[in-house]
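Taking it in order: structure first as structure tokens, then the write-up.
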Amino acid sequence: MPNSKQSNNPVSATRLHLGAAYYPEHWPEERWPEDIRLMKEAALTVVRMAEFAWSTMEPMAGKFNFDWLERAVDLLAASGIASVLGTPTAAPPAWLVQESPDLLAVDENGRRVQFGNRCHYCVNSPELHAATRRLVKAMAKRFGPNPHVIGWQIDNEYNRVCYCERCQQLFQQYLQEKFGSLEALNARWTTRYWSQTYSAWEQIPIPIGYHHPGLMLEFKHFITESYRKFQRLQLDILRPHLKPGVWTTHNLMNWYDGYDHYIMTEDLDLASWDWYVATGHHDYLSSGAVHDMTRGFKRRNFWLIETQPGNVNWASLNNTLNKGEARAMAWHAVAHGADAVCYWQWRSALGGQEQYHGTLVDQSGQPRLFYEEAQQLGREFSALSDLLAGSEVKARVAMLNCYDSRWSIQWQRHHGDFDYVAHFNNYYRPLAARNLNVDVISADEPLDGYKLVIAPSLLILKEKSVTQLKEFVRRGGYLVLTLRTGMKDEFNALLPVRQPGPLAELAGLEVEDYYALLNPIPIKGNLFDGTAKLWAERLKVLDAKLTIPAARYGAANGWLDGEVAIAVHPFGKGMVYYVGAYLDEASQQVLIDHILTTAGIHGMKTPAGIEVRTRQSRAGEEIYFVINHVRTEQTFRLPWPAREHLNQQEIIGELKLPPYGVAILTRAAGVSSAP
């Protein structure tokens, strides 16, 4: 894991955790010992509590009631179960809203949001900030020194955007601080277009719906900064009271794009996320990208702090995962760097908006059928905790994820079906199919230690990224640039040069024009004969001596017929691939396989549905996770003798995996770990 980000409170995993979200305030206290007994029988090692308990902890302003929570923490600790506490700021209580009604956020239509659906606050509300300081300070004093509290979650799933007058004024101040003058802002945004020139900061609106590209991008930056300030407010209060090794996190949500997650996690010790399949079943070739992205936020292991125990309640169709599927998903998360898997939630609440959500214990207090699957997983985590403690995912391949580029594309797709995440996964999935570890990192991050870097649709180019990409290739790295690269600057304005802008020298070409495709068109490469869909770029070779056309379009719209679609260009000691077409799945796999071979990166081919991933122990030993993600038995031939740790047996040759089967392997003594 090259260039691991430093932290004020470095996290060192001492064990593998299985846990659940627990709400003791929902139940009579005499019930708690039975809950904890069942948790212990399921080998749970951690629970998360209190992230929605504001009204219970502070029933009126300044009157705190923490005794119940302290008793719960102590009871859990007596059974060997640690606690993670959440600051409950996602659920400001009714009395606070009554005292300060403008604490409620304002929606796009100018209406105050209604109390009672959580995250109903304006993140910039001074009244919210004051109440938050009071509550978090009291929590920190009471529970910060508690040895049984191992971590803190700040708030819960930031997601609300507020359009109130206060936020508009703060946004205008943000713009003034960033641009310095209206002349600079007007120039960067080309505000003469549609007569949008501003002569006073007070004239600048919050964008509602589709608006000026520069305005929309800066509003996303403002949202990011607003939540970061609110988060830092809490961190600054908490940290002086925390014992060494106690960490802080926030539970992020999949590919949610409300703010820049790389910036939001800079101040945290640990990244974590909430993984829900909702309708349908798990697709490991895509879900791995989100695990790898979450690991990439801090460039270290993460927590899966929420995941579904069977089903959710908020999708259009809330099917239950197949028997054994959640266990395979848990090991999949661990294989990608999770040091904990926590289910949401422990027991079905009798009231509230999530009554039908999956749980480990039903509303009667009895274990649900899924409890046995969690129990098996708890035993396995416990047995393998020592083996996996401190191990990390090591990758030679990085994919660059850019929120600015994603936002810009989604606002101006040009083809309604062009989706940044789908395009990203079109490059991730072929790597996952070859069982390669991948780091999904910010486009601003250094690239030391990688051999191959893929930058899907890096539409917005910053000077820092350009410098790092050039240096990476110059030193011998392999770089893949894709369609829609280098169209805009950091202010979401078109560059005054053709794509890929300042990377043209690196790629040895420029894009003469781009086309949103009505239908797929033929494309023929040196190694494949396939189709391109959605988007196609006509490439003009600038360095005819060194640039090699690798694929051309077939008969299409006349503009693309016979023209270059993919090209390869050496630069320094490295190589740059520019892919101007959105390839079909089979052609994409052939292309990625070729690039991997050329770069000297060796993956592993496995039967469809079988995943093999590795984590490296502190001692440098490779730990292999072999997971069958389908409902049929599969056989996988091991390339070397191995020790299987779940069943404590030696395996030579064939490894049989039952439906959703899992094997955790290390190579037998004396077998080289070299690929």
Side-chain angles (χ1 to χ4, degrees), residues 16-53 56-57 68-86 88 90-91 118 148-153 156-157 251 272-276 303-314 318 320-321 326-327 329-330 333 338 340-379 381-382:
L16 187 62
H17 282 289
L18 183 70
Y22 183 43
Y23 301 93
E25 68 271 25
H26 294 179
W27 308 105
E29 193 163 338
E30 55 267 25
R31 167 68 198 193
W32 298 357
E34 176 62 10
D35 280 330
I36 294 170
R37 182 188 69 79
L38 290 170
M39 291 176 187
K40 188 174 182 180
E41 287 191 3
L44 299 194
T45 56
V46 68
V47 298
R48 186 189 63 172
M49 296 188 291
E51 85 272 16
F52 294 126
T56 305
M57 290 193 288
W68 65 273
L69 183 56
E70 187 166 57
R71 290 194 297 272
V73 169
D74 290 344
L75 277 172
L76 288 158
S79 291
I81 301 173
S83 294
V84 171
L85 297 186
R118 74 182 179 179
H148 309 307
V149 177
I150 64 171
W152 291 74
Q153 176 188 299
N156 185 83
E157 295 180 344
N251 53 331
S272 62
W273 79 288
D274 299 347
W275 181 23
Y276 295 100
W303 271 42
L304 183 57
I305 206 161
E306 286 189 23
T307 192
Q308 69 187 70
N311 65 278
V312 301
N313 74 299
W314 39 261
N318 299 294
T320 298
L321 298 172
R327 171 177 171 262
M329 289 168 58
V341 173
C342 299
Y343 290 106
W344 198 92
Q345 59 175 317
W346 172 251
R347 183 178 177 181
S348 304
L350 300 181
Q353 284 92 320
E354 296 171 304
Q355 291 165 303
Y356 290 125
H357 200 287
T359 55
L360 279 76
V361 176
D362 68 19
Q363 68 275 11
S364 73
Q366 299 179 77
R368 300 181 73 169
L369 296 178
F370 177 77
Y371 176 87
E372 290 188 6
E373 189 169 323
Q375 195 172 38
Q376 178 186 358
L377 193 60
R379 291 193 298 266
F381 274 26
S382 180

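Predicted model only: the values in this text are computed from it and were never measured.
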**OP:** Could you tell me whether a side-chain N or O of W32 sits under 3.5 Å from a main-chain N or O of P24, the two making a donor and an acceptor?
**Re:** yes
Original post:
Which pair of heavy atoms, one from M329 and one from W275, lies closest together, and at what distance?
Top reply: O-CZ3, 3.5 Å
Subject >> Under the ring pair (Phe, Tyr, Trp, His ring centres under 6.0 Å) test, residues paired with F370 that sit two or more places apart >> reply: Y343
Subject >> Interatomic distance, Q153 atom CD to S272 atom OG [nearest 0.5 angstrom] >> reply: 6.0 Å
Original post:
Which residues pass the side chain to side chain donor-acceptor pair (under 3.5 Å) test with T45, sequence neighbours left out?
Top reply: H17
Original post:
Do the non-hydrogen side-chain atoms of M57 and E25 ever get within less than 4.5 Å of each other?
Top reply: no
**OP:** First locate atom CZ of R368, then atom OG1 of T320, and finally report the distance between them rounded to the nearest 0.5 Å.
**Re:** 7.5 Å
**OP:** Write down the atom of L18, the atom of A42, and the distance for their closest heavy-atom approach.
**Re:** CD2-O, 4.3 Å
Original post:
G365 and R347: which non-hydrogen atoms are nearest, and at how many Å?
Top reply: N-NH2, 3.5 Å
**OP:** Measure across A340 and L16 and return the closest heavy-atom pair with its distance rounded to 0.1 Å.
**Re:** N-CD1, 4.4 Å
Original post:
Can you tell if the side chain of R118 reaches within under 4.5 Å of the side chain of E157, non-hydrogen atoms only?
Top reply: yes
Original post:
Side chains of W346 and V47: does their closest heavy-atom pair fall under 4.5 Å?
Top reply: no
**OP:** Kindly compute the distance separating CD (E372) from CD (Q375), expressed to the nearest 0.5 Å.
**Re:** 6.5 Å
Original post:
Given side chains that start at C-beta, do those of N311 and Y356 come closer than 4.5 Å, heavy atoms only?
Top reply: no
**OP:** Decide if atom CD of Q355 counts as having more than 12 heavy atoms of other residues, nucleotides or ligands within a radius under 6.0 Å.
**Re:** yes
Original post:
Passes side-chain contact (heavy atoms from CB on, under 4.5 Å), L350 versus W27? Steps please.
Top reply: CA-CA 10 Å; L350 300 181; W27 308 105; 4.0 Å; yes
Subject >> 4.5 Å side-chain heavy-atom contact, L38 and L360 >> reply: no
Original post:
If you round to the nearest 0.5 Å, how far is CG of L75 from CD of E29?
Top reply: 7.0 Å
Original post:
Is there a side-chain contact between H148 and L76 (heavy atoms, below 4.5 Å)?
Top reply: no
Original post:
When rounded to the nearest 0.5 angstrom, what is the spacing between CG in N318 and CG in N313?
Top reply: 6.0 Å
**OP:** Report yes if some heavy atom in the side chain of N251 is under 4.5 Å from a heavy atom in the side chain of E51; otherwise report no.
**Re:** no
**OP:** Please report the closest heavy-atom contact between S348 and T359, naming both atoms and the distance.
**Re:** OG-OG1, 3.0 Å
Original post:
So, do V46 and W303 sit near enough that their side-chain heavy atoms are less than 4.5 Å apart?
Top reply: yes
Subject >> Verdict with reasoning, E306 to Y276, per side chain to side chain donor-acceptor pair (under 3.5 Å) >> reply: CA-CA 8 Å; E306 286 189 23; Y276 295 100; 2.5 Å; yes
Original post:
What is the minimum heavy-atom distance between A72 and M49, and which atoms define it?
Top reply: CB-SD, 4.2 Å
Subject >> Rounded distance [0.5 Å steps], CG in L321 versus CD in Q308 >> reply: 4.5 Å
Original post:
With distance as the sole criterion, is a donor-acceptor pair present between the side chains of D274 and W344 under 3.5 Å?
Top reply: no
Original post:
Is a side-chain N or O of E373 found less than 3.5 angstrom from the main chain of R327, in a donor-acceptor match?
Top reply: yes
**OP:** Quick one: do Y371 and E41 satisfy side-chain contact (heavy atoms from CB on, under 4.5 Å)? Show the steps, please.
**Re:** CA-CA 10 Å; Y371 176 87; E41 287 191 3; 3.5 Å; yes
